[in-house]
Number of protein chains: 2
Amino acid sequence: MESRRTRQQDAIEAVLADAGRPMSVQEVFSAAAATVPGIGLSTVYRTIRKLAEQGEIAAVAVPGQPDRYELAHVAATHHHHFHCTACDRVFDIRGCVGGLDRLLPSGFELHGHELTLVGACDHCSGT
Amino acid sequence: MESRRTRQQDAIEAVLADAGRPMSVQEVFSAAAATVPGIGLSTVYRTIRKLAEQGEIAAVAVPGQPDRYELAHVAATHHHHFHCTACDRVFDIRGCVGGLDRLLPSGFELHGHELTLVGACDHCSGT
DNA sequence: ATAGTTATTGAGAATTGTTGTCATTGTGGT
DNA sequence: ACCACAATGACAACAATTCTCAATAACTAT
């Protein structure tokens, strides 16, 4: 055999699929524990790392915080992120910026890009 | 007194000023040790954290890696970053994208943004 | 179904990155 | 030159992640 499907893996992928926003390992762990009580943190780390290596999920970095992860097919539907500095949550945003090639120094090869808007979300803004 | 200027702090700020690209704490530590032998890693962490809190330097996040830091006056000269996935270095890129407001969901407040291009640098690209 | 093989798990040890503690040092005011 | 105390450096403590390994459970072939 090469690979075995398990309850744990299904739960983790389901959590990421239902999330709608990038989640930290801890968040995935908590959510997955609801479906599979007693699931180990190691398993969540292991599975997320494997999925990331296989390109099934993408990592989203926020300064001073652990990475968040989201399904790659979501990431592929080109979009970006909004980081609320008040509640520290990250939201997905649709739409994209163009004309990035003109920013590229010569000799550099562009494979992708990541845009993060920073501010306050609807819940946290005074508005 | 409120604050005392020291050799260590000067060295750390000098390193960041001369760098020309965002540097990790370890990189700053190594570079500063050339000027101030025996400088402590704690001091570098402490100083960088203080500078970040004061807004003198800005943190740049890269998935799966420790944050990098760069002088805020550089960050203020609006620019963005290029992350070479081959050598894992981060470069500053001049220029900026506009029209971000149209990406913003209603109720959200935009304070800033961070764009990271991903690919291979001139040194690592096959070109 | 049943049993055998082995990929996967969960618990905890080990690593790595970062912050906290505290006696000692050295800056800046007098 | 002296003094008060902010800053340092060594190391402990903590946090996030990876590694290790015996026990478990998914798949295969009977």
Side-chain angles (χ1 to χ4, degrees), chain A residues 1-16 19 22-70 83 88-90, chain B residues 1-16 19 22-70 83 88-90:
Chain A
M1 262 97 285
E2 275 293 278
S3 133
R4 292 174 188 179
R5 191 121 283 270
T6 66
R7 246 178 310 98
Q8 291 82 338
Q9 288 169 19
D10 291 342
I12 291 168
E13 287 181 40
V15 166
L16 288 168
M23 297 183 85
S24 70
V25 172
Q26 284 295 339
E27 287 175 320
V28 173
F29 174 60
S30 303
T35 309
V36 185
I39 189 174
L41 185 54
S42 313
T43 300
V44 179
Y45 271 109
R46 231 183 336 237
T47 304
I48 284 181
R49 183 147 50 93
K50 191 191 64 185
L51 291 173
E53 282 168 1
Q54 294 175 349
E56 312 241 349
I57 62 179
V60 180
V62 176
Q65 295 183 39
D67 290 347
R68 323 291 175 83
Y69 299 87
E70 69 184 347
H83 174 212
D88 261 337
R89 278 185 301 177
V90 175
Chain B
M1 263 93 285
E2 274 295 278
S3 132
R4 289 173 190 180
R5 189 119 285 270
T6 66
R7 245 176 313 99
Q8 290 83 339
Q9 289 170 17
D10 290 342
I12 291 168
E13 287 180 40
V15 166
L16 288 167
M23 297 183 85
S24 69
V25 171
Q26 284 296 338
E27 286 176 319
V28 173
F29 174 60
S30 303
T35 309
V36 185
I39 187 173
L41 184 53
S42 312
T43 300
V44 179
Y45 271 108
R46 232 184 335 238
T47 304
I48 284 181
R49 184 145 52 93
K50 191 191 62 183
L51 290 173
E53 280 167 1
Q54 294 175 348
E56 312 242 347
I57 63 179
V60 180
V62 176
Q65 294 184 39
D67 290 347
R68 323 291 176 83
Y69 300 86
E70 70 183 347
H83 173 212
D88 261 337
R89 277 183 301 177
V90 175

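Lettering of chains follows the sequences in order, A, B, ..., and the numbering in each one begins at 1.
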Gap separating the CZ atom of A:Arg68 from the CD1 atom of A:Ile57, nearest 0.5 angstrom: 14.0 Å
What is the distance, rounded to the nearest whole Å, between atom NZ of A:Lys50 and atom P of D:dC19? 16 Å
N/O (side chain, A:Thr6) to phosphate O (OP1/OP2, C:dT9) under 4.0 Å: yes
Distance check needed: D:dA6 C1' versus B:Asp10 CG, whole Å only. 15 Å
Separation of C:dT8 P from A:Glu13 CD (nearest whole Å): 13 Å
Could you list the residues that satisfy side chain to side chain contact (heavy atoms under 4.5 Å, CB included) with A:Gln9, not counting sequence neighbours? A:Arg5, A:Thr6, A:Thr47, A:Lys50
Taking five pairs at each end, how big is the angle between the two axes of the helix from C:dA1-D:dT30 to C:dT30-D:dA1, to 10°? 40°
Distance (rounded to the nearest 0.5 Å) between B:Ser30 OG and B:Met23 CE: 8.0 Å
Got B:Arg46 and B:Thr43 here, is their nearest side-chain heavy-atom distance under 4.5 Å? yes
Would you say a side-chain N or O of B:Gln8 is under 4.0 Å from OP1 or OP2 of D:dG9? yes
B:Leu41 vs B:Gln26, test: side chain to side chain contact (heavy atoms under 4.5 Å, CB included). Steps then yes/no. CA-CA 8 Å; B:Leu41 184 53; B:Gln26 284 296 338; 3.9 Å; yes
Given D:dC27, D:dG9, D:dA4, the nucleotide with the shortest approach to the side chain of B:Ile39: D:dG9
Rounded to whole angstroms, how far apart are CD on B:Gln9 and P on C:dG26? 15 Å
B:Arg4 side-chain proximity, nearest of D:dT8, C:dT27, C:dT6: C:dT27
Which pair of heavy atoms, one from B:Val15 and one from B:Val28, lies closest together, and at what distance? CG1-CA, 4.1 Å
Nearest-0.5 Å distance that lies between atom OH in A:Tyr69 and atom CZ in A:Arg49: 9.5 Å
Can you measure B:Phe29 atom CZ to C:dG17 atom P for me and round it to whole angstrom units? 13 Å
Filtered N/O pairs between nucleotides 18-22 of chain C and protein, under 3.5 Å:
{"from": "C:dT18", "atom 1": "OP2", "to": "B:Tyr45", "atom 2": "OH", "distance (Å)": "2.5"}
{"from": "C:dT18", "atom 1": "O5'", "to": "B:Tyr45", "atom 2": "OH", "distance (Å)": "3.4"}
{"from": "C:dG20", "atom 1": "OP2", "to": "B:Arg49", "atom 2": "NH2", "distance (Å)": "3.3"}
{"from": "C:dG20", "atom 1": "O6", "to": "B:Ser42", "atom 2": "OG", "distance (Å)": "3.3"}

For C:dG10, take OP1 and OP2 only and decide whether either is under 4.0 Å from a side-chain N or O of A:Thr43. yes
Could you please spell out the steps behind the side chain to side chain contact (heavy atoms under 4.5 Å, CB included) verdict for A:Ile12 and A:Ile39? CA-CA 10 Å; A:Ile12 291 168; A:Ile39 189 174; 4.3 Å; yes
Run the side chain to side chain contact (heavy atoms under 4.5 Å, CB included) test on A:Gln65 and A:His83 for me, step by step, so that the C-alpha distance in whole Å, both residues' side-chain angles and the decisive distance to 0.1 Å come before the verdict. CA-CA 12 Å; A:Gln65 295 183 39; A:His83 174 212; 3.9 Å; yes
